**Q** 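Just passing along the structure, written as structure tokens.
This one's a predicted model, so the numbers in the text were calculated from it and none came from an experiment. Chain identifiers are assigned alphabetically (A, B, ...) following the order of the sequence lines, protein sequences preceding nucleic acid strands; residue numbering begins at 1 within each chain.
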There are 2 protein chains.
Amino acid sequence: MTHQRQVLYEVMKTMHGHPSPEEVYAKVKKKVPAVSLATVYKNIHLFVESGIFREVSLHHGSQRVEMNREPHHHMVCSRCKSITDIGERDLGLSGKHGRLPGGFLVERYSVDVIGICAKCQQS
Amino acid sequence: MTHQRQVLYEVMKTMHGHPSPEEVYAKVKKKVPAVSLATVYKNIHLFVESGIFREVSLHHGSQRVEMNREPHHHMVCSRCKSITDIGERDLGLSGKHGRLPGGFLVERYSVDVIGICAKCQQS
DNA sequence: GTTCTTGCAAAGGATTTGCATCCTC
DNA sequence: GAGGATGCAAATCCTTTGCAAGAAC
């Protein structure tokens with residue numbers, strides 16, 4: 001537990017919304033001017049790995065295009081990041097009808113089920 | 001409607017799953033060896049913009065860390081990509097209990113509501 | 001012909017990595 | 001003192017862009 005890791009954690013705890021590593025870096029720099037962006041990245045990665053913080057959406061390394069035209073959602077393995085489709089019915093979710101808070105106009109729902117795929121469960 | 005755009009579209013129609021631009025590029029290259037990756041990117045972007053294809057999850061430019069520890073989901077504006085939290089209750093979704101197809105072990109649900117935020121609706 | 005598209009290479013942004021040095025325990 | 005963490009810079013990956021040459025209508 002180093003000083004910068006401690007400060008990084010404290011700073012992040014006070015933040016709201018969905019900050020990017022750059023934004024966290026900017027805040028930490030105010031308390032520890034010599035801190036490097038690499039350190040911020042390394043520690044955020046560590047925090048997310050250990051479950052202390054969570055990332056908003058899993059990155060798949062690159063953009064992915066959806067080929068399944070049926071209404072469906074995704075099962076995303078938190079280990080290998082594989083994406084498997086799951087039909088709306090199988091998932092058992094039903095979107096709320098009507099307006100959402102703040103006047104947000106709904107186009108579609110995109111549900112990711114995060115978990116461990118069968119293959120990763122074996123290893 | 002150029003030749004490479006036509007081929008790109010035809011190739012993509014035959015693909016399954018969630019291919020990356022690189023994967024699409026590799027397939028198109030077999031039919032049009034001189035095609036460039038830039039062209040593939042440009043056209044995929046065009047297809048997604050016009051709604052012919054859809055991207056699996058919206059990119060926010062960089063990683064985002066979740067600071068809200070309450071159970072909640074996200075409203076993501078398809079124009080400005082802003083992320084707004086929405087409580088589980090407000091969203092009116094309830095996850096299915098029990099096992100999912102393929103033995104997928106559920107850790108959590110991550111629901112993104114894709115649409116247009118109030119601010120973007122005005123402009 | 002005019003406009004849009006292509007291919008190439010260079011630029012760009014986000015993130016990771018190698019490595020020598022420095023800090024914790 | 002050993003092992004892990006830091007800072008720096010270079011490297012990497014994914015994606016976009018500028019621009020001259022080429023295709024489409």
**Q** How far apart are the closest heavy atoms of B:Leu91 and A:Tyr109, and which atoms are they?
**A**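 Nearest pair, atom of B:Leu91 first, then A:Tyr109: CD1-CE2, 3.5 Å.
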**Q** Using a distance-only test with no angle check, is there a side-chain donor-acceptor pair under 3.5 angstrom linking A:Glu22 and B:Ser62?
**A**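 No, B:Ser62 and A:Glu22 have no side-chain donor paired with an acceptor closer than 3.5 Å.
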**Q** Hey, where on DNA chain C does chain B first and last touch, going 5' to 3'? Cut-off is any atom under 4.0 Å from a heavy atom.
**A**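 The protein-touched segment is C:dT5 to C:dT15.
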**Q** Kindly write out the residues that satisfy side chain to side chain donor-acceptor pair (under 3.5 Å) with A:Thr39, not counting sequence neighbours, or none if the list is empty.
**A**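 Side chain to side chain donor-acceptor pair (under 3.5 Å) check on A:Thr39 returns A:Ser36.
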**Q** Write down the atom of B:Tyr25, the atom of B:Val40, and the distance for their closest heavy-atom approach.
**A**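 For B:Tyr25 and B:Val40, the tightest heavy-atom pair comes out as CD1-CG2, 3.8 Å.
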**Q** Output the residues of residues 35-48 of chain B in contact with DNA chain C, where contact means a heavy atom of the residue under 4.0 Å from an atom of the strand; sort by number or write none.
**A**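 Heavy-atom cutoff 4.0 Å gives B:Val35, B:Ser36, B:Ala38, B:Thr39, B:Lys42, B:Asn43.
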**Q** How would you give the extent of chain A contacts on DNA chain D, as first and last nucleotide 5' to 3' within a 4.0 Å heavy-atom cut-off?
**A**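 From 5' to 3', the first and last contacting nucleotides are D:dA5 to D:dT15.
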**Q** Tell me whether B:Met15 is reachable from B:Leu37 by hopping between hydrophobic residues (I, L, V, M, F, W, Y) whose side-chain heavy atoms are closer than 4.5 Å.
**A**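 Result: yes, single cluster for both.
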**Q** With a 4.0 Å heavy-atom cut-off, tell me which residues in residues 14-33 of chain A come close to DNA chain D, sorted by residue number.
**A**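 Contacts with DNA chain D under 4.0 Å: none.
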**Q** With no hydrogens and no angle check, just 3.5 Å: does a side-chain donor-acceptor pair link A:His18 and B:Asp85?
**A**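 Yes, because at least one side-chain N or O of A:His18 sits under 3.5 Å from a partner of the opposite role on B:Asp85.
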**Q** Would you mind telling me which residue lines up with the more 5' stretch of DNA chain D, A:Gln63 or A:Arg5, judged by nearest nucleotide?
**A**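 Of the two residues, A:Arg5 wins.
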**Q** Classify the side-chain pair B:Gln63/A:His45 by whether it contains a donor and acceptor separated by less than 3.5 Å.
**A**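 Not at all, the side chains of B:Gln63 and A:His45 share no donor-acceptor pair under 3.5 Å.
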**Q** I'd like to check B:Asp90 versus A:Leu100 (side-chain heavy atoms, cut-off strictly below 4.5 Å). Are they in contact?
**A**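 B:Asp90 does not reach A:Leu100 side chain to side chain.
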**Q** Quick one, B:Met12 and B:Ile44 - any side-chain contact, counting heavy atoms below 4.5 Å?
**A**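 A side-chain contact exists here, since the closest heavy-atom pair is under 4.5 Å.
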**Q** Quick one: closest heavy-atom pair of B:Cys80 and B:Cys77, and the distance?
**A**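 The pair with the smallest heavy-atom distance is N-SG, 3.5 Å.
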**Q** Using 30° and 60° as the class boundaries, would you call the ring planes of A:Tyr9 and A:Phe47 parallel, tilted or perpendicular?
**A**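 Correct class here is perpendicular.
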**Q** Test of understanding: with side chain to side chain donor-acceptor pair (under 3.5 Å), list the residues that count as partners of A:Glu10, not counting sequence neighbours.
**A**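 Checked A:Glu10 against side chain to side chain donor-acceptor pair (under 3.5 Å); matches are A:Gln6.
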